[in-house]
Amino acid sequence: MLHTGGTAFPTKTAFGYEESGMTLRDYFAAKALQGVMACNGIYEDEKKLAQWCYEQADAMLEIRERK
């Protein structure tokens, strides 16, 4: 099973149910992508870039669990 770090921004509805939203892994990957795109923004292989962003997210989750 893929470790996602849980929910990035969980919220409760008026009826007490939890809305999960995006995972912490997705949030970290999006932030990595945001940083890379701010520096250059043009890439020949978007799939490799996306893979790299998720690798960074996985590394952040791994380090986060060590504390």
Side-chain angles (χ1 to χ4, degrees):
M1 185 171 135
L2 181 65
H3 180 66
T4 64
T7 307
F9 304 105
T11 59
K12 296 263 185 188
T13 66
F15 302 105
Y17 299 105
E18 187 171 298
E19 298 276 330
S20 60
M22 77 169 74
T23 66
L24 190 55
R25 182 176 187 253
D26 289 332
Y27 180 73
F28 284 165
K31 288 299 189 177
L33 179 62
Q34 182 181 20
V36 169
M37 297 301 286
C39 292
N40 186 343
I42 300 172
Y43 294 89
E44 293 179 21
D45 192 335
E46 288 83 9
K47 288 182 182 180
K48 283 184 181 179
L49 175 59
Q51 178 65 38
W52 181 85
C53 289
Y54 274 100
E55 289 169 1
Q56 301 310 302
D58 291 340
M60 286 186 266
L61 288 170
E62 182 181 330
I63 296 299
R64 186 175 187 261
E65 288 183 1
R66 290 184 188 175
K67 56 178 191 167

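Reckoned from all heavy atoms, side chains included, excluding hydrogens, waters and symmetry mates.
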Between OH of Tyr27 and CG of Leu61, what distance do you get to the nearest 0.5 Å? 13.0 Å
Gap between atom CG of Leu33 and atom CD of Glu46 - 0.5 Å precision: 10.5 Å
Please round to the nearest 0.5 Å and tell me the distance separating atom CD of Gln34 and atom SG of Cys53. 10.5 Å
Between the CG atom in Asp58 and the CD1 atom in Ile63, the distance rounded to the nearest 0.5 Å is 12.0 Å
Within a strict 4.5 Å, meaning less than it, do heavy atoms of the Leu49 and Met37 side chains meet? yes
Looking only at heavy atoms, what is the nearest atom pair of Arg25 and Ala57, with distance? O-CB, 3.4 Å
By side chain to side chain contact (heavy atoms under 4.5 Å, CB included) - contacts of Glu55 (at least two apart): Gln51, Trp52
Side-chain heavy atoms nearer than 4.5 Å, only ILVMFWY residues, links allowed to pass through others: does that put Tyr54 and Phe28 together? no
